[in-house]
Enquirer: 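I have a structure I would like to understand better, so I am pasting it below and will then ask my questions one at a time.
Convention: sequence-line order gives letters A, B, ...; per-chain numbering from 1.
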There are 2 protein chains.
Amino acid sequence: MKKSDRTRQDILDATASSLATAGYTATTVKSIAETIGMQDASIYYHFSSKDELVGEVLDIGTARAVTAVDRALAELPDDHDPREALRVAIIAHAEAVLGGGDYPRANVRTFGQLPPDLTHRHRQGHRNYGQIWTRLIDDGVESGVLRGDLNRSVARLIIIGALCWAIEWFDAGEEVSAADVGEHVFQMVVNGMSVGQPHSTAVSV
Amino acid sequence: MKKSDRTRQDILDATASSLATAGYTATTVKSIAETIGMQDASIYYHFSSKDELVGEVLDIGTARAVTAVDRALAELPDDHDPREALRVAIIAHAEAVLGGGDYPRANVRTFGQLPPDLTHRHRQGHRNYGQIWTRLIDDGVESGVLRGDLNRSVARLIIIGALCWAIEWFDAGEEVSAADVGEHVFQMVVNGMSVGQPHSTAVSV
DNA sequence: GATTAAATCTAGTACGCACTAGAAAAGTCA
DNA sequence: TGACTTTTCTAGTGCGTACTAGATTTAATC
């Protein structure tokens with residue numbers, strides 16, 4: 001009973017790693033098996049199909065990202081500025097997806113290259129995740145520290161998008177850390193790049 | 001000499017459309033051929049391999065995006081605010097990638113799911129494209145209207161990332177247009193979502 | 001140490017993929 | 001029309017894929 005759990009974990013880890021770096025298609029059952037020194041057929045003793053295995057990796061990825069953000073928000077003082085909550089969440093997300101383990105990275109990286117069944121499962125997880133951000137933005141707008149003339153849903157997706165796309169260019173070896181990326185996203189999106197007065201008038205969409 | 005050019009164009013169009021909606025792996029030579037009512041083998045009279053065909057589609061995509069942004073910038077008055085240039089470029093990009101044809105969409109959509117050879121070709125095109133944005137940001141910082149305490153390269157990638165990721169959620173059927181998305185990105189990234197005073201102090205990375 | 005259960009392996013199937021060779025058809029122009 | 005070229009089709013190859021069946025080994029239990 002013990003051995004099985006250990007190998008199962010090894011398979012999940014190898015899959016997450018491969019998905020994060022090589023993507024869905026290049027992640028073959030055979031390559032996963034090779035990574036942990038097994039035959040490809042042996043994988044099927046632990047998982048009934050490739051997509052069930054991949055699906056489990058993706059679920060773990062979203063769960064870890066959610067946990068990271070939730071934990072960061074829980075540490076805020078009771079009377080925090082809503083913008084500070086947004087800042088903490090953005091940085092937590094950046095660290096989870098860029099600097100964290102393979103699971104959240106696999107999740108974001110394979111977005112958009114999955115077969116329909118998995119895409120559906122994937123999107124469901126993202127929807128739940130999005131609700132955290134919806135609340136953060138709502139808090140800011142309703143308490144008057146964030147602009148109310150922007151479409152909140154679009155704003156949310158733009159923030160998440162900027163963070164998710166960072167996986168395509170972020171290089172852990174460079175001097176810019178995952179937290180730095182998060183801080184930049186926050187600074188740009190909340191305070192703006194502009195010096196002094198805003199550039200043009202408000203929009204209404 | 002005429003017939004060949006026309007079918008060649010049909011093949012490119014069908015490939016762009018399939019790449020934009022289904023991605024690289026799901027875009028098979030057979031499916032492309034079916035779309036235009038041909039046998040898959042006939043494709044090889046016009047293109048020597050799938051990847052040569054895909055590569056050409058991607059090149060067209062980047063070219064169109066570059067053209068769209070360049071054209072928008074060319075229409076600015078000589079004494080324009082650097083932030084206005086950024087705004088115009090962001091909206092032009094959004095319209096090209098979200099509301100435009102299949103070619104730019106194919107380009108962004110398949111980013112990160114291509115085989116190594118094509119990835120290299122792809123990245124080269126993006127690098128050239130990035131230079132346009134580098135210049136826009138540099139202009140803003142050097143003329144004093146954009147903050148100088150942010151890493152310009154990171155800022156550039158965050159803007160482009162927010163725009164590129166929009167392809168994953170943007171729905172042309174909804175009431176939010178491609179230009180609206182661009183306007184939102186600009187408002188958030190340049191003016192910020194914050195009302196009044198910035199939230200916390202400057203960063204230095 | 002023998003018996004049973006768990007885990008892995010060997011060997012194979014079926015299928016979809018990109019791609020090829022050569023025959024057939026369609027178009028071009030005297 | 002007839003000779004020639006361009007374009008498309010028919011029919012197939014080889015390969016990598018996910019996955020299966022049954023034998024074989026490894027581990028746990030009495």
Enquirer: Suppose the criterion is side chain to side chain donor-acceptor pair (under 3.5 Å): which pairs have a residue in residues 52-62 of chain B, not counting sequence neighbours?
Expert: B:Arg8-B:Glu56, B:Ser48-B:Glu52, B:Asp59-B:Arg121

Enquirer: Of all the choices, C:dT10, C:dT8, D:dT8, which nucleotide is nearest to the side chain of A:Gln39 once you look at every atom?
Expert: C:dT10

Enquirer: Specify the separation, in whole Å, of atom OH of A:Tyr45 and atom P of C:dT8.
Expert: 8 Å

Enquirer: Just how far, in rounded Å, is P of C:dA7 from CD1 of A:Ile11?
Expert: 11 Å

Enquirer: Within this structure, what is the CG-to-C1' distance between A:Asp51 and D:dC19, rounded to whole angstrom?
Expert: 12 Å

Enquirer: Anything under 30° is parallel, anything over 60° is perpendicular, the rest tilted; go ahead and classify B:His93 against B:Trp133.
Expert: perpendicular

Enquirer: Can you check the A:Asp5 CG to D:dA27 P distance for me, whole Å?
Expert: 16 Å

Enquirer: Over how many whole Å does the gap from A:Lys50 atom NZ to D:dC19 atom C1' extend?
Expert: 12 Å

Enquirer: Side-chain contact test, heavy atoms from C-beta onward, threshold under 4.5 Å: evaluate it for B:Val185 versus B:Ile91 and give yes or no.
Expert: no

Enquirer: If you only use heavy atoms from C-beta on, which nucleotide in C:dT8, D:dC9, D:dT6 is closest to the side chain of A:Ser42?
Expert: C:dT8

Enquirer: Please report the interatomic distance CD(A:Gln9) to OG(A:Ser4), rounded to the nearest 0.5 Å.
Expert: 11.5 Å

Enquirer: Side chains of A:Leu53 and A:Ile43: closer than 4.5 Å at any heavy-atom pair?
Expert: yes

Enquirer: It should be established whether B:His46 places a side-chain nitrogen or oxygen under 4.0 Å from OP1 or OP2 of nucleotide D:dT8.
Expert: yes

Enquirer: For B:Phe47 and C:dT20, what is the distance between atoms CZ and C1' respectively, to the nearest whole Å?
Expert: 18 Å

Enquirer: Please list, for nucleotides 20-25 of chain D, all pairs of protein and nucleotide N/O atoms separated by less than 3.5 Å.
Expert:
none

Enquirer: What is the distance, rounded to the nearest whole Å, between atom CG of B:Leu118 and atom P of C:dA18?
Expert: 13 Å

Enquirer: Please report the C-alpha distance between B:Phe111 and A:Trp165 in whole Å, then the side-chain angles of each, then the deciding distance to 0.1 Å, and finally whether the ring-ring contact (aromatic ring centres under 6.0 Å, His included) criterion is met.
Expert: CA-CA 10 Å; B:Phe111 194 93; A:Trp165 191 264; 5.3 Å; yes

Enquirer: Give the rounded distance in Å between these two atoms: CD1 of A:Ile43 and C1' of D:dT17.
Expert: 14 Å

Enquirer: Establish, with yes or no, whether the OP1 or OP2 oxygen of C:dA7 is under 4.0 angstrom from a side-chain nitrogen or oxygen of A:Ser4.
Expert: yes

Enquirer: Do any of residues 15-31 of chain A sit with a heavy atom less than 4.0 Å from DNA chain D, and if so which?
Expert: A:Thr27, A:Thr28, A:Val29

Enquirer: Between B:Arg135 and B:Asp138, does any NZ, NE, NH1 or NH2 come within less than 4.0 Å of an OD or OE carboxylate oxygen?
Expert: no

Enquirer: Would you compute the distance between atom CG of A:Leu98 and atom SG of A:Cys164 and round it to the nearest 0.5 angstrom?
Expert: 9.0 Å

Enquirer: Is the charged tip of B:Lys50 near the ring of B:Tyr24: under 6.0 Å from the six-membered ring centre and within 45° of its axis?
Expert: yes

